[in-house]
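Only a predicted model underlies this, so the values are computations on that prediction, with no experimental measurement involved. Excluded from the calculations below are hydrogen atoms, water molecules and symmetry mates; all remaining heavy atoms, backbone and side chain alike, are included.
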Amino acid sequence: MFHQSNARTRTASLSETQLGQSAGRPSQGSTNGQSTGRTLINLENGRVSPQASNALENGLVNGHAVGRVASSEPHRESSEPQNISRARTENHKTFPHRPRASMTRSKTNYEPENMSSTRETSLEEHGELRHGWEDEYNSSEFLGQLNSTFYMYFTDKRHESGGKPKDSERIKPLEEWRHRERSKTVSAALILCLNIGVDPPDVHKTQPTAVEECWTNPISPTQAASKMMEIIGKKLQDQYEGMSMKTRYKQYLDPSVEETKKFCTSLRRNAKEERVLFHYNGHGVPLPTSSGEFWVFNKDYTQYIPVSMYDLQAWLGGPVIYIYDCSHAGNIIANFDRFVEKHEAENAEARARDPNAQLQNYSNNIQLAACQKTETLPTNPDLPNDLFTACLTTPIIMSMTFHVLENPLSSGLNAKDVRRVPGRAAERRSPIGELNWILTAITDTIAWNVLPRPLFRQLFRQDLMVAALFRNFLVAQRIMRSYGCHPMSMPEIPSTHDHPLWEAWDLAIEMVLSQLDPMLKAEAGGEPYEYQHSSFFTEQLTAFDVYLQQGAPKQQAPTQLPIVLQVLLSQVHRLRALILLSKFLDLGPWAVNLALTIGIFPYVVKLLQSPAHELKPIMIFIWARIVAVDAKAVQADLLKDSGYQYFTKILLPESGIPVGNATEHKAMSAFVIAMFCRGFPQGQQVCLSPDLIDACIGYLQDPENPLLRQWSCLCISMLWKEFPEAKWVGIRCFAHHRLCALVVDPVPEVRAAAVHALTNFLGIPDLTDQVAQNEETIASALMSMATDGNAMVRKELLVFFSIFVKRYQNKFLVAAYENLVEERDRLMYTGYDNGTKVNGIGQDNLENVQKSMISRNSVQNSMWLHLLVMSVDGHPEVAQAASIIVDHVHEILVDSPLAPHALRVIDNILAFMQRAAGPSRQSSAAPTSQASHPTSPSGPQNPPKSESYLSTGLRRNASVAAALKYLGLGGSGSTDNLSSSSETAQQSVQQKRMAGPVRPGIPAEWSTPPNQNDTTSTSAKYQRAKFPLPKGFKKHDSNEPATLPLESVFFEWSIEYFREPQMKPNEPDEPGSDDYNSRLWRRVRNEKTLAMTQPLKGVGSSSPWDSPTGFFNNGSQPTKMCFHQFEDHLAIADDRDSICIWNWQQSNRLNRFSNGNPKGSRINEARFINEDDQALMMTGSSDGVIKIFRNYESEDVELVSAFRALTDLVPSNKNAGLVLDWQQGQGKLLVAGDVKVIRVWNAATEICTNDIPARSGSCITSLTSDQVAGNIFCAGYGDGAIRIFDTRQKPAQAMVRCWRKHKQWITNVHMQRGGFRELISGSRNGEVKLWDIRKDDPVREITATSDTMRTLSVHEHAPVFATGSDTHALTLFNVNGASINTIQPYTPFLTTVKTSPIACTSFHPHRMMLAVGSLGHGHVNVYTCVGKVAAGHDEL
């Protein structure tokens, strides 16, 4: 079944057919308290593969049916485009407890071969499932789960990017799209030198010849020549006014040279610095000279007088548009620059003489010439004599005339009939108006695709007159070329006469002319005729849609983009054009920049004044994309004419949006308002209203759309930033209290946004008691987020802490000093002699000191303690940020009036620590270099009173003493002493914990781990590996001072959401992409693996497991091993902090990296997650920290996430440490160990959802759970007890059964994922028991060994388990209790069996394969079954 994600919703997406169908982006959050992972496979509705239908016989593979192949395509409706997309927030109707699908795989026709042969015999032949689950797994709910989706975790954008925005260096800079130098042509001089009736001496005309000027014959039998000149001049002015009414025109008919100078100087004087137009028609005077002179008359009209271009430039200055309509006009352009350079040289000389001299401007001139230097204008009698002017001022009539002349119509129309086409250019619904509209679109489009962007903006977007002339100049290029003339321009533009769009122009003309006869008859009173409009814009929009469907290959600019701009002027096509424009803008910032460059912005600004409800969703979407790319450039435009109110009104609860996912559009509106207020005080001022803040506060509880919650927080944040009045409005609306409630929001982005808003709330200048109380209340509420599972949230919290510390700096100095004193007193009154008190009254004195602390129970002291813990966080970025804050306080402390006292206390601390370290310094391990081990050791968040921060391992910045190295006060050996003393303290603390309560009548050693006497590798022999860093991690320069406050990048990172495509699938979900093909290949590989291995599990219960398959040297002592389900990967964790990834098939090591856990601790758990696709490596160490790595098999390994799953766990390489169980299907992580609770972490929300009491004083040694439903889990304890928990119950009632049949330490307890779901436990005395959770007694008891049992491993599907003893014996049993065989794994030369107990074992999840490692050397053996099993492996 296809489910749309209810996670942090992506922005409104516009499908091919309806603006409202989402293409399915990966989600980033949750709804209704449920958060999603990332979906890998979505099975086809109603179809289950043969293995799935026989799931009970085959068992479940990783909680899913075996061999599922089919998946469904996301459904897309096919209605007309109307509205912005429906939200991806539909309720998950099938399984509310499951996260919703957020990424699906497309359908494939591949089916593994011989699928039917993989089916096994039915359960009736072997028995039934344990625990009474056969009825449940036959239920419709379970079968529905088989049709559900695989979910991937820790793969969202926040994990891939690390919560950091893209580097500005990697972002392509935006082109300048605002026309800062917008100009206008204010005046125009129209010079007509026709001298009607007299031909110039150097012009030879043909007979017949072209005579019309401005479509008027100057030779009239009834009118005098002077009268005809006036008529022609008036018509020329009318033609220009059709292009621009705002320009002042003046006609100069047959002017003399004196008149020319006079009106030119007057023209420049009146225009000042603006552009003027100089139109010259020289058809009645000689041709321009080769030196660039043109001709006018003397006063008596008896002579032709040449005018030098040098003089004309001096009269007109610049900027000017020159138009030369005469033969040999190219001579003028050829000489123009030469005279400009001469003028500029004169200006330079004048400036040298007088720097204050007023100089004439001669730059920024534009020239248009009818022909080149040696070309003569055409004399075709069917054409006007002023052909160039006709093209520039009446392009529609000229184009129709040209079309008739070049393509005679069958209707018999002649060139003059086209002048009778009805309509006006301003009326778009009329034939002439429609043609003018189409021509504008075509010429704009041609110029857009041919000209460089800067030149296009200069000629087509800065001046309306210049833009109109150059559009028509393209028409002149096309028409005049057919008659042997090649118009020239300066700036020069390439020839466009052969552009394909001219064919569309010809078609548009032909459609009009074909209807001319019936239109004329209808005007004359004949039969009515309805004009059939052109299909040009519809066809061009379809072409644009095709471009979008192709995915904008190589980010090439679409040809039709300027046409879409023109279509916005039409109400008929506007909605479709806006939808397509939205799709285009969704492609990314490059598309937004192109649209802004083409000139889309004035149109979308005007549309903000439109009351049309159907445009609101689209306008919100478009504006969200624009402000995401260039908000600074549009803030003033939103302020002008109150455009911002378009979005503030939408945010109000009572406003309606005609779209299904109104909340998503409200989220986009909140984003627009946030960007409008960001760094724009005027915007903050006009948006400040209780109604807006109340609306945002109301949306904080919206259960459906986390994107709305996130941007409501950030909208409030930007409104508050450095704006005290807004903060007081927020206080009156209790906004800060509502934001504090979001600390447990299921979506990490929302939690981070809430912290961001509360951070900007701090800083009201007038720090009254009320303000301080509010700020301390906020700080108290946020301190619980120090244990948040998401590093991005913790980093944002540290920004809040940094501002709070800076604001209350003096109180933090006191807290830091008193912690120094407390640390000294701990060392003074408590010794390190095996953890016993040296001074009997030390504890009382210490408690008295604590009670006398000024900062005791203050917010500042609590925050300081949290900062100390976070400074040794498992995530390097969090630890570094917290360390900067701690170091800053330390620096201020040693420079404050408290410095003498603080330094004296520091000296005492050093003395006590060096004395406590004693001889242990000599045997302590060498300190690790910062380069190879960049993270700091970790420790508890809230250590017991009897344990100091130093003694629990917080060695870097967890106390002032640990910062001595940074402060340069403790000498070179201070940190070494600190390290060794801390290690000594850890051992004593652990011995106390290990000696915890045991069951009465049972020896204490029975409740200790089998490996308690094992020795760890020494630092002299141990080679520490490189620790993987998070993506984009930048190490703080220790030479730079620790300055506050820290800078947040969360807002910039959040903006990127609106810069990314939302309407198309991710690259991995796009059929044909490399990622998609790789994912499909992996899925086929996985299905084939499952199909081939399932039949082998029956053989494994009877065949010996003694066939060596691999033997390799790990290089360090293996303690934990884990096979990947489908890859040939074996992960091996050693007894320190390194993990090796091996290819067991080829016996070669792929990678080795450090887990980065503190010295004295070790890795307790190593698991693969997301194994169905690209797996991640999850590790848990004995300091309570969980870490997840990507690319674990390569040198490019990166840290994805790290968090402290157990906050009060003491780092140790002894005892149980940390144990975990990962539920891939549910996205849950069960964590326990040397603590009193079992914690349930939700991987999608990254928060702890449950603290279940362990119900025992003993430590938990093992966790296992039902991998299908995920409700039942089992815990084994150090005192031999086993308890069953049901997470559906309240935490206090979660324990549903307790077995005490074991008397010693539980080595392991494991529930199979498949097979009969056997629950098998084993204790250190060699007893193995099989359980049914419905029964009080074990189903079967087996004595596996008489020696100490070190390991117990259970195959996930085969009825086989293996035990390892301290006598180097590895014994395999089937679940009936029969021993299959015993192996003594191969050991290196000189290694004896007595010194090499079995240290770790691990079964492959599917293959009949077992890996075993022994103590005392780093070698690993891999064994498989013999016979059919080996043959089956060969086939694989």
Side-chain angles (χ1 to χ4, degrees), residues 179 181-193 214 233-234 236-282 288 292-296 307-326 329 332-333 335-337 339-340 342-344 347 358-370 386 388-389 392-393 458-473 488-491:
H179 308 301
E181 300 178 358
R182 184 177 292 275
S183 59
K184 57 183 178 180
T185 303
V186 296
S187 302
L190 309 180
I191 296 92
L192 296 175
C193 298
C214 297
K234 182 64 173 66
L236 179 60
Q237 181 173 335
D238 291 343
Q239 291 171 188
Y240 267 107
E241 287 176 348
M243 294 189 294
S244 175
M245 289 291 296
K246 295 182 179 180
T247 304
R248 300 186 300 269
Y249 299 96
K250 182 68 174 178
Q251 307 165 32
Y252 298 98
L253 310 178
D254 291 341
S256 64
V257 64
E258 292 80 4
E259 291 173 338
T260 301
K261 179 179 180 180
K262 181 178 179 181
F263 70 68
C264 285
T265 53
S266 175
L267 200 65
R268 171 49 58 199
R269 183 172 57 253
N270 295 332
K272 299 181 180 178
E273 300 298 325
E274 297 291 345
R275 180 177 279 113
V276 297
L277 185 146
F278 180 83
H279 178 99
Y280 173 74
N281 182 328
E293 297 170 318
F294 65 95
W295 301 86
V296 291
V307 177
S308 170
M309 182 53 62
Y310 176 85
D311 295 334
L312 184 63
Q313 290 173 352
W315 301 338
L316 287 175
V320 182
I321 309 172
Y322 295 94
I323 299 175
Y324 315 119
D325 187 357
C326 57
I332 304 177
I333 291 183
N335 290 275
F336 189 88
D337 289 341
F339 294 117
V340 169
K342 188 174 181 179
H343 284 296
E344 293 292 352
N347 282 347
Q358 294 185 353
L359 305 176
Q360 178 69 275
N361 177 31
Y362 297 101
S363 62
N364 200 17
N365 294 305
I366 297 173
Q367 302 176 81
L368 301 176
D386 58 346
F388 187 58
T389 299
L392 293 181
T393 57
Q458 176 189 351
L459 300 182
F460 288 81
R461 291 296 181 263
Q462 290 188 2
D463 189 319
L464 294 178
M465 174 63 81
V466 174
L469 287 171
F470 268 93
R471 289 192 194 101
N472 299 340
F473 181 77
M488 298 177 63
S489 68
M490 191 60 66

J.: Using modelled atom types only, decide if a donor and an acceptor are shared between the side chain of Asn270 and the backbone of Ser266 within a distance under 3.5 Å.
T.: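 Here the side-chain-to-backbone pair exists.
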J.: Rounded to the nearest 0.5 Å, how far does NZ of Lys246 lie from CE of Met465?
T.: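 Going from the CE atom of Met465 to the NZ atom of Lys246 covers 12.0 Å.
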J.: Start with the C-alpha gap between Leu236 and His279, add the side-chain angles, then the distance that decides, and say whether side-chain contact (heavy atoms from CB on, under 4.5 Å) holds.
T.: CA-CA 10 Å; Leu236 179 60; His279 178 99; 3.9 Å; yes
J.: So, do Gln458 and Asn364 sit near enough that their side-chain heavy atoms are less than 4.5 Å apart?
T.: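 With C-beta onward as the side chain, the pair touches.
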J.: Taking the side chain from Asn347 and the backbone from Gln360, do they hold a donor-acceptor pair closer than 3.5 Å?
T.: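 Looks like yes, one N/O pair under 3.5 Å.
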J.: Between Asn281 and Leu192, is there a donor-acceptor pair closer than 3.5 Å when you use the side chain of the first and the backbone of the second?
T.: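 Side chain of Asn281 to backbone of Leu192: no pair is present.
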J.: Output yes when a side-chain donor or acceptor of Tyr240 lies under 3.5 Å from a complementary backbone atom of Tyr249, and no otherwise.
T.: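 A pair under 3.5 Å: no.
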J.: Heavy atoms, side chains only, cut-off 4.5 Å: are Met309 and Ile332 in contact?
T.: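 In short, these two side chains touch, coming nearer than 4.5 Å.
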J.: Applying side-chain contact (heavy atoms from CB on, under 4.5 Å) between Met243 and each of Thr393, Leu464, Thr185, report the one that passes.
T.: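 Only one option passes, and that is Thr393.
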J.: If you look only at pairs with a residue in residues 264-280, which of them pass as a salt bridge (charged side-chain N to carboxylate O under 4.0 Å, His left out), with sequence neighbours excluded?
T.: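 Residue pairs with at least one partner in residues 264-280: Arg275-Asp463.
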J.: So Asp311 and Phe339, side-chain contact (heavy atoms from CB on, under 4.5 Å) or not? Walk me through it.
T.: CA-CA 9 Å; Asp311 295 334; Phe339 294 117; over 6 Å; no
J.: Do you know the tightest heavy-atom contact between Ala329 and Cys326?
T.: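 Taking every non-hydrogen atom into account, CB-O, 3.4 Å.
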J.: Under the 6.0 Å and 45° cation-pi test, does Lys342 pair with Tyr310?
T.: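 Yes, Lys342 lies over the aromatic ring of Tyr310.
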J.: So do Asn365 and Tyr322 actually touch side chain to side chain, heavy atoms under 4.5 Å?
T.: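 In contact.
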J.: For Trp295 and Cys193, work out which heavy atoms get closest and say how close.
T.: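 Smallest heavy-atom distance, with atoms named: O-SG, 4.0 Å.
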J.: Give a yes or no on whether the backbone of Lys262 and the side-chain of Thr265 come within a donor-acceptor separation of less than 3.5 Å.
T.: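 Answer holds: yes.
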